[in-house]
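Reviewing the structure listed below.
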Amino acid sequence: MERKVRVRFAPSPTGPLHIGGVRTALYNYLFARQHGGTMILRIEDTDSQRFVPGAETYIMEALQWCGIEIDEGITEGGPYAPYRQSERKAIYLKYALQLVEAGWAYYAFDTAEELNALRADFEARGETFAYNATIREKLATSLSLPATEVQRRIDCGDQWVIRFRMPENEEIHMHDLIRGDVVVNTATLDDKVLYKSADALPTYHLANIVDDHLMEVSHVIRGEEWLPSLPLHYLLYKAFGWSDTQPEFAHLPLLLKPTGGGKLSKRDGDKMGFPVFPLFWTSPVTGETAHGYREDGYFPEAFINMLALLGWNPGTEQEMFSMDELIQNFSLSRVSKSGARFQPEKAKWFNAQYMHHKSDAELAELFQVILREHNITASNEQAGKAASIMKERATFITDLWDLASFFFVAPSVYEEKQVKKYWKAENAAILRELGSVLSDIDDFSLENTEHIVHGWIEEKGYSLGQVMNTLRLALVGAGKGPGMYEVTSFIGKEECLKRIDNLMTNLQPTA
RNA sequence: GGCCCAUUCGUCUAUCGGUUAGGACGCAAGAUUUUCAUUCUUGAAAGAGCAGUUCGAUUCUGCUAUGGGCUACCA
């Protein structure tokens with residue numbers, strides 16, 4: 001029988017979620033939805049040192065913005081609550097001790113200083129220190145010390161950790177849904193810490209396996225940086241006797257810096273001029289801020305579409321995917337194996353595509369926000385229409401002000417280059433004439449105005465470009481913009497004449 | 001250093017032994033246009049190297065090179 005699909009996204013609240021994390025969450029979500037499964041959000045806050053306040057809220061807000069829905073989590077609740085590991089503290093010690101009793105783990109009493117000294121010694125001799133079978137019985141561990149001494153140390157409050165006792169020489173055969181079969185010999189691995197008495201908290205490895213088991217997680221979809229610890233995780237399932245319900249694993253390729261040379265990190269954003277975070281972030285510790293896709297004007301759909309295709313492809317030439325289409329088409333077998341460089345340019349392109357496909361109503365709502373910021377009152381119809389006329393030229397919704405403000409405000413400055421080209425004595429004469437032609441038009445609709453004005457231009461034998469660009473200078477103030485009749489019909493006769501008059505009275509034509 | 005993963009145009013990628021190696025971003029040229037854009041057309045642009053398996057390798061295997069990850073009482 002096919003197991004019920006349950007996946008989890010398990011971030012650590014050590015800062016804002018970056019786009020690599022968002023993609024991991026997305027793939028988990030797509031996989032869950034496609035299989036009618038459950039998406040869990042588990043907060044892995046077992047590192048009390050690196051905890052950052054606000055990070056947890058940020059993560060949830062970011063996922064929500066992206067449209068990644070959580071079925072079970074710290075705010076949603078669920079049958080396996082709590083979903084925050086710090087609140088599950090009481091659970092883990094029992095499991096760590098179970099491993100000690102079974103001989104799969106042992107107590108170690110080394111202090112951080114002792115370990116550092118040991119590492120330094122090894123390094124001085126040109127060797128690499130590894131806490132493993134060659135050394136564990138020579139150190140202060142429950143493997144070398146008499147049981148009574150171990151108990152005495154624990155009782156008198158000495159700090160200890162529980163380490164996994166890595167088998168000396170055993171081949172671990174693993175399977176990854178993306179990479180296929182992987183084999184590692186345990187001789188190359190070391191005895192990882194599973195639990196520390198200092199803060200009574202497990203490390204990632206223990207907490208992760210215990211929680212995935214208890215929460216009945218069926219598939220672990222995570223970043224490639226976890227591949228090296230997969231043998232440990234296999235062994236932990238085995239040690240607990242949970243191998244038969246062990247989840248399947250899929251290790252995702254990493255997101256790399258646009259320039260190559262390493263995985264995308266939180267610092268790259270401002271350095272290279274693109275956001276690495278979904279949302280704007282202010283560090284509560286340093287006060288540093290970082291750009292976010294949301295605040296930079298990206299649509300969540302575009303952001304998700306772009307992210308989905310970084311490391312996965314449908315095998316067809318389709319590029320535009322809604323979330324529903326992604327859910328339908330996603331498959332782990334089509335996730336690529338090698339790291340993908342992040343492409344800021346492609347992200348922009350995706351956003352522009354979504355911009356071009358927005359309906360007037362959607363644009364109206366978005367554009368109104370910007371208009372209000374500039375103290376402009378406009379109807380939704382006006383806002384939508386102006387945005388719709390200019391959207392082809394925009395990449396971000398925030399571009400719209402520069403692009404379309406002339407629909408609402410008369411130009412206060414005139415672009416120098418256009419003035420030079422189109423504001424000579426003859427242009428002024430033509431514009432005066434055009435003004436009177438316009439003032440005689442009753443039906444100021446786009447079609448009618450065009451019909452009449454073009455008739456007049458033909459009759460007079462003027463150059464179309466000269467007339468229209470002179471008018472453009474008066475109405476827009478610049479050498480860009482939509483067809484002039486879009487503008488005339490939008491702003492209306494009265495405003496047209498006013499702007500023409502403005503130009504005539506305020507600016508002397510050049511010779 | 002050790003272990004693991006990867007390697008097709010500049011970038012993201014298609015190809016599941018036989019293709020003129022396809023698409024997209026970006027770039028260039030042309031067309032369209034009353035301006036700026038958009039749009040359309042076209043173009044330049046790739047199998048890391050060396051062996052092997054095979055009638056035939058981008059595709060399978062090995063080696064080398066390169067890139068990346070991990071190597072914490074961090075996740």
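Lettering follows sequence order; numbering is per chain, from 1. On a predicted model such as this, the values are computed, not experimentally measured, just so you know.
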**Report entry** Inter-nucleotide P distance (B/A57, B/A48), Å rounded
**Finding:** 15 Å
Report summary line: Across every strand shown, the nucleotide meeting Watson-Crick or G-U wobble geometry with B/G43 (both distances under 3.5 Å) is B/C27
Query raised in the report: Who does B/A14 pair with, Watson-Crick or G-U, both distances under 3.5 Å?
Result: none
Query raised in the report: Got a donor-acceptor contact below 3.5 angstrom from the A/Ser144 side chain to the A/Leu139 backbone?
Result: yes
Query raised in the report: Separation of A/Leu307 atom CG from B/U13 atom P, in whole Å?
Result: 12 Å
Query - Span that lies between the P atom of B/G52 and that of B/U11, in whole angstrom - result: 30 Å
Report task. State plainly whether the residues A/Glu127 and A/Arg125 are in salt-bridge range, i.e. N to O under 4.0 Å. Result -> yes
Query raised in the report: Could you give the CD-to-P distance, from A/Glu317 to B/A14, as a whole number of Å?
Result: 12 Å
Query raised in the report: When you compare B/G69 with B/A29, how far apart are their C1' atoms, in angstrom units rounded to a whole number?
Result: 43 Å
Query raised in the report: Taking the nucleotide of RNA chain B with the closest heavy atom to each, which residue, A/Gly479 or A/His356, is nearer the 5' end?
Result: A/Gly479
Report task. Quick one: list whatever passes salt bridge (Lys or Arg N to Asp or Glu O under 4.0 Å) with A/Glu114, sequence neighbours left out. Result -> none
Report task. Pick base, sugar-phosphate or nothing for A/Val467, based on heavy-atom distances below 4.0 Å to the nucleic acid. Result -> nothing
Query raised in the report: Taking atom P in both B/G23 and B/G43, what distance in whole Å separates the two?
Result: 10 Å
**Report entry** Separation between CG of A/Asp212 and CZ of A/Phe249, rounded to the nearest 0.5 Å
**Finding:** 7.0 Å
Report task. State the pairing partner of B/A57; accept Watson-Crick or G-U wobble contacts with both distances under 3.5 Å, and report none otherwise. Result -> none
Requested in this report: Measure from CG on A/Leu473 to P on B/C36 and round the result to the nearest Å.
Outcome: 15 Å
Query raised in the report: When all nucleic acid strands are considered with a 4.0 Å heavy-atom cut-off, which category describes A/Arg334: base, sugar-phosphate, or nothing?
Result: sugar-phosphate
Query raised in the report: When the distance from CG of A/Leu475 to P of B/U34 is rounded to whole Å, what number comes out?
Result: 17 Å
Query - side chain to side chain contact (heavy atoms under 4.5 Å, CB included) involving A/Thr449 - partner list, sequence neighbours excluded - result: A/Leu438, A/Ile441, A/Phe444, A/Val453, A/Tyr485, A/Thr488
Report task. List the protein contact pattern of nucleotides 65-75 of chain B with one symbol per nucleotide (5' to 3'): B for base contact, S for sugar-phosphate-only contact, - for none; contact means a heavy-atom distance under 4.0 Å. Result -> ---SSS--BBB
Query - Strand partner of B/C63, provided both Watson-Crick or wobble distances fall under 3.5 Å - result: B/G49
Requested in this report: Determine the Euclidean distance between corresponding C1' atoms of B/C63 and B/C25; express it in Å to zero decimal places.
Outcome: 36 Å
Query raised in the report: Which whole number of Å gives the distance between the P atom of B/U61 and that of B/U53?
Result: 15 Å
Query raised in the report: Salt-bridged, A/Lys192 to A/Asp190, with N to O below 4.0 Å?
Result: yes
Requested in this report: Provide the distance between the two P atoms, one in B/A51 and one in B/G67, to the nearest whole Å.
Outcome: 23 Å
Query - Among B/U34, B/U13, B/C25, the one nearest A/Met468 by side-chain distance - result: B/U34
Query raised in the report: Can you tell me how far C1' of B/A24 sits from CZ of A/Phe350, to the nearest Å?
Result: 8 Å
Query raised in the report: Taking the six-membered ring for Trp, is the centroid-to-centroid distance between A/Tyr298 and A/Phe303 below 6.0 Å?
Result: no
Query - Atom-pair distance (NZ on A/Lys337; C1' on B/C5), nearest Å - result: 11 Å
Query raised in the report: Under a 4.0 Å heavy-atom cut-off, which of residues 444-453 of chain A touch RNA chain B?
Result: none
Query raised in the report: Given that both distances must come in under 3.5 Å, which nucleotide forms a Watson-Crick or G-U wobble pair with B/U20?
Result: none
Query raised in the report: Does any nucleotide pair with B/U35 by Watson-Crick or G-U wobble geometry, both distances under 3.5 Å, and what is it?
Result: none
**Report entry** Nearest-angstrom distance, C1' atom, B/G10 to B/C27
**Finding:** 9 Å
Query raised in the report: Is A/Gly311 touching bases, backbone alone, or none of the nucleic acid, heavy atoms closer than 4.0 Å?
Result: sugar-phosphate
Requested in this report: Mind calculating the distance between CG (A/Leu464) and P (B/U34) to the nearest angstrom?
Outcome: 6 Å
Query raised in the report: Salt bridge check: are A/Glu44 and A/Arg8 linked by an N-O gap of less than 4.0 Å?
Result: no
Report task. Check every strand shown and say whether A/Pro253 touches a base, only sugar-phosphate, or nothing at a heavy-atom separation below 4.0 Å. Result -> nothing
**Report entry** Partner residues of A/Asn305 under the side chain to side chain contact (heavy atoms under 4.5 Å, CB included) criterion, sequence neighbours left out
**Finding:** A/Leu309, A/Met320, A/Phe321, A/Phe350, A/Tyr354
**Report entry** Pairing of A/Glu433 and A/Lys460 as salt bridge, 4.0 angstrom limit
**Finding:** yes
Report summary line: A/His175 NE2 to B/C5 P, in whole Å, measures 14 Å
Report task. Taking side chain to side chain contact (heavy atoms under 4.5 Å, CB included) as the test, write out the residues that go with A/Val413, two or more places apart. Result -> none
Query raised in the report: With sugar-phosphate meaning primed atoms plus P, OP1 and OP2, does A/Arg472 contact a base, only sugar-phosphate, or nothing at under 4.0 Å between heavy atoms?
Result: base
Query raised in the report: Nearest to the side chain of A/Asn313, which nucleotide is it out of B/C4, B/A14, B/A24?
Result: B/A14
Query raised in the report: When you match A/Gln353 and A/Arg341 each to their closest nucleotide on RNA chain B, which lands nearer the 5' end?
Result: A/Arg341
Query raised in the report: Quick one: which of B/U11, B/U15, B/C36 gets closest to the side chain of A/Arg393?
Result: B/C36
Query - Carboxylate-amine/guanidinium contact A/Glu415 A/Lys480, below 4.0 Å - result: no
